[in-house]
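To start, the structure under review is shown below, and the notes come after it.
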Amino acid sequence: MTNDIWAVADIEGGKLKSISLQLASKAAQLAAALGGQSAAVALGKGAQEAAAALGATGVNAVLVSDDAVYDAYLAQPATDVLAQLIQQRQPKAVLLPATVTGRDVAGRLAARLGLGVEYNVTAADVADGEIAMVVPAFGGQLNVNATFAGDGTRLIVARQNAFAITKTGSGATTETIPAPAAPANGAKVSGPFGTEGATEEGHMTTVNGHPQYVPPPSRSNVEEAAIIVSGGRGVGGPEGFADLDALAKALGGAVGSSRPVTDDEWLPHHHHIGQTGRTVKPELYIACGISGAVQHQAGMQTSKYIIAINKDKDAPIFTFCDLGVVGDLKVVIPELTKLVEDYKASH
Amino acid sequence: MHAPSPPAFPQIWRNPTLKIVVCMKETPSTEVPKSLGADMRLVRNPSDTIINPFDEYTIEEGLRQQEKLGGDVIILTMGPGTTNDPMRRALAMGATSGVLVSDPALAGSDAVATGRVLAAALKKLEADLVLFGQSSADAYGGIVPSITAEFMGMPLLSYATKVEVAGNNVTIEREAEVGYTTATAPLPALVSVAKAINNNPRYPSMKGIMTAKKKPIETWTLADLGLDAAQVGAGAAKERVTGATPVSTQRRREIYNGSAGAAQRIFEFLVENKII
Ligand SMILES: Cc1cc2nc3c(=O)[nH]c(=O)nc-3n(C[C@H](O)[C@H](O)[C@H](O)COP(=O)(O)OP(=O)(O)OC[C@H]3O[C@@H](n4cnc5c(N)ncnc54)[C@H](O)[C@@H]3O)c2cc1C
Ligand SMILES: Nc1ncnc2c1ncn2[C@@H]1O[C@H](COP(=O)(O)O)[C@@H](O)[C@H]1O
């Protein structure tokens, strides 16, 4: 086995996901600490275009293939090519994204090659020549320290935002890798469908006779989002969610809500967070006009950072936040959006 | 611009010998605080064992498919089976029968060993359609389905928000960042069901609870599956737990009073904590 570390990129619909750059950055860092070489692997439509961004993280090489087979079938072709490369080149570890595809490929590789796999990893560093990891367990109540034993490439499935992106800008080499044949009993993909009504911006609509604000799909998946701007009854009505959506857009996050908001159809139901809704664990949860009932808390209490904005200084949310603002969200949110936009424009 | 319509599903096919197998994990209730013992394994209390909440959607989906297609729904679980309460509850919801794979040698099995055992049991059952949950609520792995699929040499349609069997194929829908995609594979195949399928898992009826008491539950050991103890359990696991620390729920609780200047303070907080 070498001391090389690889990162597998996640590309959806031709677009490179940010987690790919996080994994590539970590691969470069771990390989440097171990005295090995680092590489990023990008497969499918958009792989060639992604090579430059992946290379800028500091990895030594980018292995690419934009063959159509990777997008035509679920997981199997990616497994075939990675299994072959791992056997030939024996990297010490392969980092994969904790996305549906990343997990599917990691599971298949572990089974096919008899490798150890650690998933939901939130930290990885080198200690005594081995990779030491942190994995949250039991709904975030415990942080488990984990490592690997024995020989064989280590498979590490890492969470979104576990690692910071580095930009060293060094010149990575690009290598085009061959594509496998289509799998005989493969799961064949078609679509996307249902994109007709999907706009890139949020908009107002009417549902069951009630006005509703519909955030765009890119800000609708609270379970995957690293940042959630969440609103409660204090937002005042569906129109008020346009301000929250603008902040979510500036932060690259999603829009969430308390239950009364979706009960009253101010937002579509999949935004509802809490005991009876979705369970989320983002890096940052901004609760705007949410009182902080236990049923809401149950769905978001393991967020890394919680910021609350509420007019009522006695609102329960202030007992479990990192930063609480006793103030009017209608004033604070637009100002904050502007500050974030300006900062991002200059960085 | 209009995207093409999804394919229409052909005529429904009923098959009295169809075998739908639902893989169900017994998990500790999420209500109870957790700790690790000296052996670095979860301290289990048999009385707080429940059906993995994500698998309730899977059982519901299995029952709905059976109502449409015919055949049997078999619950497959690997675990200590200390109480069998989760299995009985699944049978009370309407499943036909249960298989429990239980063997002292399985203690400490990792996801790869779990997939190896489930694959062996599924082969023995000659399953046509295998359903999984999106993940277990204790480990949040979501990885046992793909491991099992690989050991079986079969396709896995993961994260389904809709499942349709037609002819010899199964087709799923999966939410994409915009809209949704579909994936189709020939049977036999594995499907993992996303919680977003939102299919309102049924409560067992009084009659269901009564009939469940007489439904068969078979217990299989490693020997029944032709597996070697060296391939499973703690000894086969390549991952090692070296320690654990409870995560503090204590928060900083810095309070800023008033709207004026509040946005600036939040912005600084985001920069200080490297969120932006
Ligand atoms: C069985 C059960 C299950 C439940 N499940 C859930 C669940 O999953 N999720 C969930 O969220 N709830 C759930 N609930 C409901 C829960 O108990 C609360 O009623 C709900 O969370 C309150 O929502 P809210 O915070 O948006 O509204 P409120 O409690 O009405 O709070 C609104 C807040 O907005 C503040 N505010 C008003 N105007 C402004 C302004 N301009 N600027 C700043 N702040 C302002 C107010 O001070 C107030 O604190 C459940 C209840 C039950 C009984
Ligand atoms: N011990 C087990 N017995 C039966 N099914 C299991 C077991 N472990 C995991 N599964 C199945 O695999 C799915 C994903 O589990 P996991 O990979 O542990 O998150 C679960 O929802 C179950 O359907």
Side-chain angles (χ1 to χ4, degrees), chain A residues 12-13 74-75 100 103-104 106-108 110-112 116-120 138-150 152 185-196 198 217-218 251 283-284 305-307 318 320-328 331-332 335-336 339-340 343, chain B residues 2-3 5-6 30 33-34 36 111-112 115 138-143 145-147 149-151 154-159 176-186 196 238-247 249 251-259 262-264 266-267 269 273 275-276:
Chain A
E12 194 183 326
L74 298 179
V100 176
R103 287 187 175 103
D104 285 357
R108 283 186 178 273
R112 189 176 303 182
V117 55
E118 198 61 73
Y119 41 84
N120 287 333
F138 313 135
Q141 293 175 34
L142 279 179
N143 265 340
V144 169
N145 301 99
T147 184
F148 292 102
N185 62 350
K188 203 164 182 3
V189 182
S190 52
F193 303 109
T195 53
E196 302 86 353
S218 56
L251 290 168
E283 274 287 292
L284 172 66
Y305 296 107
I306 297 171
I307 298 179
F318 289 129
F320 57 94
C321 67
D322 296 284
L323 173 61
V325 165
V326 183
D328 187 351
V331 177
V332 179
E335 284 182 18
L336 178 59
L339 287 170
V340 173
Y343 178 82
Chain B
H2 285 270
S5 303
T30 45
K34 302 298 177 307
L36 294 186
V112 173
D138 48 355
Y140 277 100
I143 200 163
S146 58
I147 292 170
E150 184 65 27
F151 278 124
M154 283 183 195
L156 166 67
L157 306 172
S158 47
Y159 231 73
E177 196 157 294
V178 177
Y180 62 95
T181 56
T182 71
T184 302
K238 295 192 163 66
E239 309 82 13
R240 292 283 175 275
V241 172
T242 55
T245 40
V247 175
T249 50
R251 293 196 180 260
R252 201 162 116 178
R253 291 170 60 181
E254 173 190 334
I255 301 294
Y256 184 97
N257 275 300
S259 303
Q264 181 64 31
I266 296 175
F267 171 72
F269 183 95
N273 292 294
I275 296 164
I276 57 172

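Both backbone and side-chain heavy atoms feed into the values below; hydrogens, waters and symmetry mates do not. Letters A, B, ... mirror the listed sequences (proteins, then strands); counts begin at 1.
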Is the backbone of A:V117 close enough, under 3.5 Å, to the side chain of B:E239 for a donor and an acceptor to pair up by distance?
->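 It does hold such a pair.
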Report yes or no: does B:T181 contribute a side-chain atom to a donor-acceptor pair with the main-chain N or O of A:P192 at less than 3.5 Å?
->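 Side chain of B:T181 to backbone of A:P192: no pair is present.
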Specify the closest pair of heavy atoms between [X] and [Y], including all atoms of both residues, with the distance to one decimal.
{"X": "B:S146", "Y": "A:G107", "answer": "OG-CA, 3.3 Å"}
{"X": "A:R108", "Y": "B:A149", "answer": "NH2-CB, 3.5 Å"}
{"X": "B:P155", "Y": "A:G186", "answer": "CB-C, 4.2 Å"}
{"X": "A:E335", "Y": "B:A263", "answer": "CB-CB, 3.5 Å"}
{"X": "B:F269", "Y": "A:D322", "answer": "CZ-CB, 3.9 Å"}

Go through B:R253, B:Q264, B:R252 and name the one with the most non-hydrogen pairs under 4.5 angstrom from chain A.
->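 Option with the greatest count: B:R253.
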What residue in [options] has the most heavy-atom pairs under 4.5 Å with chain B?
{"options": "A:G191, A:A110, A:C321", "result": "A:C321"}
{"options": "A:G324, A:G13, A:G152, A:G116", "result": "A:G324"}
{"options": "A:D328, A:N185, A:V332", "result": "A:N185"}
{"options": "A:V100, A:V331, A:V340", "result": "A:V100"}

B:F267 and A:L336, any side-chain heavy atoms less than 4.5 Å apart =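 Contact flag for A:L336/B:F267 side chains = yes.
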Min side-chain heavy-atom separation A:L74-B:L156 under 4.5 Å |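 Counting from C-beta outward, A:L74 and B:L156 never come under 4.5 Å.
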List the steps, then state whether side chain to side chain contact (heavy atoms under 4.5 Å, CB included) holds for A:N145 with B:V241.
-> CA-CA 6 Å; A:N145 301 99; B:V241 172; over 6 Å; no
Step-by-step side chain to side chain contact (heavy atoms under 4.5 Å, CB included) determination, B:I275 to A:Y305 = CA-CA 9 Å; B:I275 296 164; A:Y305 296 107; 3.6 Å; yes
Roughly how far apart are [X] [atom1] and [Y] [atom2], rounded to 0.5 Å?
{"X": "A:R103", "Y": "B:I147", "atom1": "CZ", "atom2": "CD1", "answer": "12.0 Å"}
{"X": "B:E254", "Y": "A:L323", "atom1": "CD", "atom2": "CG", "answer": "5.0 Å"}
{"X": "A:D104", "Y": "B:S158", "atom1": "CG", "atom2": "OG", "answer": "3.5 Å"}

Identify which part of [X] has an atom lying under 4.5 Å from any heavy atom of chain B, answering side chain, backbone, both or neither.
{"X": "A:L284", "value": "side chain"}
{"X": "A:A149", "value": "both"}
{"X": "A:L339", "value": "both"}

Derivation of the side chain to side chain contact (heavy atoms under 4.5 Å, CB included) call for B:R251 and A:I306 | CA-CA 9 Å; B:R251 293 196 180 260; A:I306 297 171; 3.5 Å; yes
Let me see the working for B:I266 and A:V325 under side chain to side chain contact (heavy atoms under 4.5 Å, CB included), right down to the final yes or no.
-> CA-CA 8 Å; B:I266 296 175; A:V325 165; 3.9 Å; yes
Check the pair B:T182, A:S190 against side-chain hydrogen bond (donor to acceptor under 3.5 Å, both in side chains), reporting the backbone distance first and the verdict last.
-> CA-CA 5 Å; B:T182 71; A:S190 52; 2.7 Å; yes
